[in-house]
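Here the structure is laid out as structure tokens; the discussion comes afterwards.
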Amino acid sequence: MAPRVIYWFRTDLRLHDSPALNAALDLKPEVLYPIWCWDSHYVYRARVGVNRWQFLLDCQQDVSKSISKLNKKSKLFVLREPAVTLLPKLFKAWNISHLVFEKDTDAYARERDAQVMELARKAGVEVIVKAGRTLWDSDELVKANDGKPTMSMSQVQKAAEKLGEPDKPVDTPKTLPDPGDMKLDFDQTQPKSAPDINEKHRDEKEGTYSAGIAGPNGDFSVPTLEELGMKPATTQHRGGESIALKMLDDIIANEEYTGTFEKPKTSPAAFEPQATCLTSPYLHFGALSVRYFYHKVQDVVEKRRRAKKAVSEVPVSLKGQLLFRDMYFGAQAKLGWSFGQTYNNSHCRFIPWHLPSKVDVNKKLITGEYEVDDEEKDIWFQRWAHGKTGFPWIDAIMRQLRQEGWIHHLARHSVACFLTRGGCYISWERGAEVFEELLIDHEAACNIGNWQWLSCTAFFSQFYRCYSPVAFGKKWDDNGDFIRKFVPELKDMPKKYIYEPHKAPIADQKKAGVLIKGDGEETERDGVAVYPKPMFDFNTQREICMQGMKSAYAVGFYGNSKAVMDGTWKKAFDDSGEGPTSGEQGGPAGLDSFEDADGTEELITSPPTAKRAGRNEGSTGSPKSTRGHKREHSQSTLEGSFKKKAR
DNA sequence: AACACCGTTGTGCAT
DNA sequence: GATGCACAACGGTGT
């Protein structure tokens with residue numbers, strides 16, 4: 001019998017350089033079904049804001065069109081049911097012989113795919129999996145690194161040396177087989193919708209499952225944001241393989257840019273156009289092949305080398321950027337779920353951050369909620385997340401993130417340092433969650449890795465190198481054009497005060513049409529714009545954080561240290577120091593025994609779920625002020641702690 | 001074993 | 001404006 005193949009698209013929404021798709025075609029199938037299984041984890045459990053949804057739908061639409069160009073009977077058939085329940089029914093209904101997909105090493109995807117592979121085995125369906133999401137198969141990279149997670153660039157380079165150059169791109173298919181008939185002689189299994197972590201993004205009820213497996217028109221079309229019950233996207237960035245390939249052509253055509261790219265020399269304040277090439281969201285959804293990108297870049301670099309022209313080198317070069325991506329994938333591939341949290345993470349330093357994750361000690365996983373050890377810190381967190389800290393550079397970045405879904409890498413550094421070790425002393429896990437929700441290029445491995453990097457809990461440790469929310473921005477954008485764009489209430493503030501508007505005399509404030517007062521709740525008074533005062537004195541907080549980091553490093557716990565695992569870590573920290581260091585409950589080893597509210601099991605076991613303990617659920621609302629707060633679980637004040645430490 | 005050197009992307013001041 | 005240094009000092013790697 002000629003093979004009857006399901007090609008399962010996931011984060012590989014492209015036709016070019018797809019080893020997995022080509023492997024499916026190499027089977028010379030009688031029929032090939034290009035399908036997408038509508039995943040409830042992505043709809044309800046992962047943090048996905050409107051902008052990344054839009055980007056995904058763009059990518060799906062585009063690849064569907066490209067498939068139809070090769071065979072007008074075919075397209076991307078979107079089936080509205082999760083893979084684990086749907087695929088076994090399809091195997092039968094469509095008389096499938098082979099299932100083919102691209103390898104995914106994300107912790108969640110590994111569990112899902114293991115279940116799918118077991119179900120395929122039981123159904124007598126052969127499974128073919130090909131790596132194509134990274135330069136090297138992440139498991140092979142780990143193996144070449146003595147079986148250890150790749151935690152530094154030098155380790156990646158050494159391991160890569162053993163593996164040789166990444167595979168050359170494979171050809172784009174010129175034809176595609178017909179799909180078979182789309183018989184659905186079975187019922188849809190509707191996934192559990194609660195808890196719905198993305199509820200705050202919805203105007204209407206989520207409705208992608210309610211119209212049945214084939215959707216409202218019965219044609220397996222790509223869903224819309226309206227069907228998801230979501231407001232329109234606010235980003236101008238659009239997804240799809242077609243755009244990605246054109247972008248890459250433009251990058252490569254500029255040989256000097258490609259050959260001499262140095263990341264630290266690109267400006268985080270540049271917009272329209274931004275200073276870096278913005279290929280990351282396309283890499284995330286697989287609309288752009290990373291290996292194709294790599295070899296295109298290397299061709300240019302080699303050509304320039306032969307011509308004795310200047311070229312940049314790893315790690316600052318474009319190749320270096322792609323190597324970092326593989327590094328984070330390698331770390332995640334080895335560490336699994338624990339990579340995404342402090343608790344039980346063998347390679348993440350333990351710091352007694354504020355707003356630590358709650359932990360289910362039985363599953364050894366964070367629950368998705370966090371402990372509010374100090375009400376003031378939760379307010380700081382909300383103000384940070386909504387761009388109302390009173391530090392214009394930080395607020396401009398956070399507003400660009402919320403509006404456009406993409407910010408420059410150094411901008412990410414600046415706000416991440418500010419939230420964690422260089423300002424608020426709040427857990428990197430809180431920041432990672434906000435980025436997960438808002439970034440169109442959110443890649444779990446890279447996001448988690450970079451948050452650990454910036455918080456000096458893994459990959460990087462020089463915590464005394466601290467970004468200033470004033471000086472760092474000024475270095476790139478003395479006039480504050482970036483602030484004027486994204487914090488428009490400050491657009492007429494004199495250059496002298498644009499990074500520190502609270503220092504502007506009232507007369508200058510009035511002239512600029514903005515009053516600097518309050519805590520971010522008030523945005524206007526008597527027709528005049530209001531911008532908040534800084535939520536703390538930066539130099540004071542910086543010093544508190546430095547001392548906190550120094551003592552936490554001296555204690556030397558990691559996420560899997562016994563004292564962290566059993567909650568006794570508090571004994572090792574001074575109650576007068578920074579962070580939640582007293583009380584019986586709370587903290588990353590808060591020993592929160594977590595159970596599903598209704599006691600039912602998820603289809604996929606134990607992804608960190610969607611509940612959150614924070615007071616401010618709204619993504620667009622303004623943070624609420626709580627005056628006269630008190631520290632709930634700690635006995636000392638910030639000021640007291642600072643004074644004591646400073647002696 | 002002890003030590004030097006390096007690490008994608010700090011700040012603030014002096015020269 | 002460019003460059004160099006102190007700041008106070010991290011872990012990994014290599015000699």
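Quick note on labels: first sequence line is chain A, next is B, and so on, each numbered from 1.
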- Query: Using a cut-off of less than 4.0 Å, is there contact between a side-chain N or O of A:R349 and OP1 or OP2 of C:dG11?
  - Reply: yes
- Message: Just to be sure I understand the rule, does A:Y553 reach a base, reach only the sugar-phosphate, or reach nothing, if contact means heavy atoms closer than 4.0 Å?
- Response: sugar-phosphate
- Between B:dC3 and C:dA8 - P atom distance, rounded Å: 22 Å
- Item | Nearest-Å distance once atom P is located in both B:dT8 and C:dC7 | 26 Å
- Between B:dT9 and C:dG1, how far apart are the P atoms? Round to whole Å, please. 25 Å
- Identify which nucleotide among C:dT13, B:dT9, B:dT11 has an atom closest to any side-chain atom of A:S154, counting heavy atoms from C-beta outward. C:dT13
- Message: Applying the salt bridge (Lys or Arg N to Asp or Glu O under 4.0 Å) criterion to A:K495, which one of A:D508, A:D481, A:D478 satisfies it?
- Response: A:D478
- Item | Value in whole Å for how far the C1' atom of B:dG10 lies from CH2 of A:W393 | 14 Å
- Item | Base partner of C:dA6, which must satisfy Watson-Crick or wobble distances under 3.5 Å | B:dT11
- With sugar-phosphate meaning primed atoms plus P, OP1 and OP2, does A:K158 contact a base, only sugar-phosphate, or nothing at under 4.0 Å between heavy atoms? sugar-phosphate
- Query: Looking at the side chain of A:H409, which of B:dT8, B:dT11, C:dC10 is the nearest nucleotide?
  - Reply: B:dT8
- Message: Counting the benzene-type ring for Trp, do A:F463 and A:Y553 have ring centres under 6.0 Å apart?
- Response: yes
- Query: Quick one: is A:R465 getting a side-chain N or O under 4.0 Å of the B:dT9 phosphate, OP1 or OP2?
  - Reply: yes
- Task: Select base, sugar-phosphate, or nothing to describe what A:W453 touches, counting heavy atoms under 4.0 Å on all strands.
- Result: base
- Item | Watson-Crick or G-U wobble mate for C:dG11, both contacts under 3.5 Å | B:dC6
- Task: Indicate, with a heavy-atom threshold strictly under 4.0 Å, whether A:F472 touches base, sugar-phosphate, or nothing.
- Result: sugar-phosphate
- Query: When you compare C:dA9 with B:dG7, how far apart are their P atoms, in angstrom units rounded to a whole number?
  - Reply: 22 Å
- Message: Check this for me: does any side-chain nitrogen of one of A:E489 and A:R399 sit under 4.0 Å from a carboxylate oxygen of the other?
- Response: yes
- Give A:R421 one of three labels, base, sugar-phosphate or nothing, depending on what nucleic acid heavy atoms sit under 4.0 Å from its own. nothing
- Among B:dT9, B:dT11, C:dA9, the nucleotide that comes nearest once only the side chain of A:K475 is considered: B:dT11
- Task: Determine: side-chain N/O of A:K550 to OP1/OP2 of C:dA9, distance under 4.0 Å, yes or no.
- Result: yes
- Query: Is the shortest side-chain N to carboxylate O distance from A:E161 to A:K158 below 4.0 Å?
  - Reply: no
- Item | Phosphate OP1/OP2 of C:dT13 contacted by A:Q155 side-chain N/O (<4.0 Å) | yes
- Query: Got A:F459 and A:M151 here, is their nearest side-chain heavy-atom distance under 4.5 Å?
  - Reply: yes
- Message: Does A:E262 reach a base, just sugar-phosphate, or nothing at all? Heavy atoms under 4.0 Å.
- Response: nothing
